[in-house]
Amino acid sequence: MKRVSIKLKLSLWFTLILTVICVIMLLLMLGIYHRTDRELLMQTLTSTVDKTASKLRTDRRFQKDVMDGRLDDGDFYEEDVQIMILDEHGRHIAGLFLYEELDEKTLAGTGKAVRVELDGKGFYCCDKRVHVIHSDDLYVRGLIAAEDDLPGSLMSHSRILIAMPLLLALAFGGGYLITGRLLRPVRSIRKTAEEIRVSGDLAKRIETNGSGDELDELSQTINAMFDKLENDFDAQKQFTSNASHELRTPVSVILAQCEYGFDHADNAEELLEVITSVQEQGYRMSGLIRSLLMFTRIEQGTERYPKAETDLSELVRSVCADMRIIADKNITVSEELAPVTACVNREMFTLLTVNLIQNAVRYGKENGSVRVKLSGDDETAVLSVEDDGIGIAAEDLPHIWERFYRSDRSRSSKGLGLGLALVKQIAGFHGGTAEAESREGVGSRFTVTIRKN
Ligand code: ADP
């Protein structure tokens, strides 16, 4: 089926509506003209008849001229009104007698105009009785052509009829131009979407005109959507590149160690060193793959992580006990745990707690302390981990939640830069938030707030 452009459709609608309005207005106007015409004609008729009647009554000379037939036809035609003078019995005395059918009309003598049909045409007729001294009464009869019937009248307003098609052509042209202008943003949206589809360049944006109308708002919303998509795509690309990079390093180390082992390790001690290094890199890769999998599964919303009512104080206490065993630098881990239960995924919440305490220890000072607190109200559970370690520089603080972000000072650590990103993701998974406060050289506090249900 042939496609009809929306511009053409709207213009046709525009024209149709305008046509209907024009026709209605024309009919109304004609109705008014028609009425005014009729009233005017009747008034002209009655006043001309009145004038002739009073002349006949008062003007002796005129009376005589009429009786003697001394007047010609021109004297009985005034302002489109034909005048006839008749005697009491309807016999013609003077004036214009054009229609025989008129003779059959009885003389009313009332001086009022009535409509009559003569020879198939419409007229108004008016009879007035005149009392003449020393003679029988006479009648003055006036006749005027009636205004035309409606179709005829339409023809008489030919200028309007000629103007109609012109008006409609103008309406169509105007409609076409206006809709073309109105639809410009739609064309711009389509063009940009097509350009993005072909080039894959998400940096392109739709031109907005700042008018603030619905289409402008639509363009702005789509642009905001492109912003979000571009950011997400960039983050995704960055994530993939970082992940590959992080995996490449341990793989290179493993391969190099293996080569060294094969070519140069002469004794058991050197081989053990090689195996230890390979194992360390293996653990690193395993941790990385586990984190990557967790990110993906949480994002995809898989059912891999079911939630259940969990005693959080018991969970956190157990993590603290484990961390105490591996805490180095003579760091003490203390806890202040209120009895709190919440609906969480045990595996995830354990990982969240481990990551926070592990960081507190990893970035803690010699003989430092880590304080773990758990509290809650009816709706939320709050876990905070505070340390007196190296702290985080103000410029690093906004970035620590990004995947693979590590501040320059912590590059030498064994971390992957995924721990806090996972903490945030897990907090979000439990309908909560994760926040950090820190002062460089003084310490840091990480607070996670989750919904209990
Ligand atoms: P990493 O594996 O490097 O620890 P994280 O995502 O856990 O990665 O942390 C990101 C960065 O945030 C770290 O590299 C470190 O610079 C900073 N950071 C996290 N926790 C702390 C802390 N308790 N004290 C100081 N800096 C921290």
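Just so you know, ligand 1 is whichever comes first in the structure, and atom 1 is the first atom listed for that ligand. Remember, predicted model here, so these are calculated numbers, not experimental data. Starting from 1, each residue takes its place in the sequence as its number.
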Gln358 to ligand 1, any heavy atom closer than 4.0 Å:
no
Does ligand 1 come near enough to Gly417 that some N or O of the ligand is less than 3.5 Å from an N or O of the residue?
yes
Is Asn355 in contact with ligand 1, taking contact as a heavy-atom separation below 4.0 Å?
no
Nearest non-hydrogen atom to atom 26 (N) of ligand 1 belongs to which of Val385, Leu356, Ile392?
Ile392
Asp388 with Lys365: basic N within carboxylate O range, under 4.0 Å:
no
Before signing off on this row, confirm whether Arg406 and ligand 1 have an N or O atom pair separated by under 3.5 Å.
no
Would you confirm whether Asn242, through its side chain, and Phe404, through its main-chain N or O, come within 3.5 Å as a donor-acceptor pair?
no
Does a side-chain N-to-carboxylate-O contact under 4.0 Å join Lys191 and Glu194?
no
Of Asp388, Ile400, Val370, Leu397, the one whose closest heavy atom lies nearest atom 12 (O) of ligand 1 is Ile400
Check this for me: does any side-chain nitrogen of one of Glu230 and Arg205 sit under 4.0 Å from a carboxylate oxygen of the other?
yes
Does only the side chain of Phe446 get under 4.0 Å from ligand 1, or the backbone, or both, or neither? Count heavy atoms.
side chain
Is ligand 1 less than 4.0 angstrom away from at least one heavy atom of Gly389?
no
Within reach of ligand 1, part of Ser444 (heavy-atom separation under 4.0 Å):
side chain
What do the steps show when you test Asp216 against Ser219 for side-chain hydrogen bond (donor to acceptor under 3.5 Å, both in side chains), and what is the final call?
CA-CA 5 Å; Asp216 193 52; Ser219 306; 5.1 Å; no
Within the 4.0 Å heavy-atom shell around Leu418, which atoms of ligand 1 are there?
6 (O), 8 (O)
Checking the N or O distance criterion of under 3.5 Å, is ligand 1 in contact with Ile390?
no
Proximity to ligand 1 by part of Asn359, non-hydrogen separation under 4.0 Å
both
Heavy atom under 4.0 Å from ligand 1: found in Val423's side chain, backbone, both, or neither?
neither
Between Gly419 and ligand 1, does any nitrogen or oxygen pair lie at a separation below 3.5 Å?
yes
Quick one: do Lys51 and Glu78 satisfy side-chain contact (heavy atoms from CB on, under 4.5 Å)? Show the steps, please.
CA-CA 11 Å; Lys51 217 167 85 188; Glu78 199 180 325; 2.4 Å; yes
Of the listed options Asp387, Ile357, Asp396, Leu420, closest to atom 23 (N) of ligand 1 (non-hydrogen atoms)
Asp387
How far apart are the C-alpha atoms of Val319 and Thr350, what are their side-chain angles, what is the distance that settles it, and do they pass the side-chain contact (heavy atoms from CB on, under 4.5 Å) test?
CA-CA 7 Å; Val319 174; Thr350 306; 3.9 Å; yes
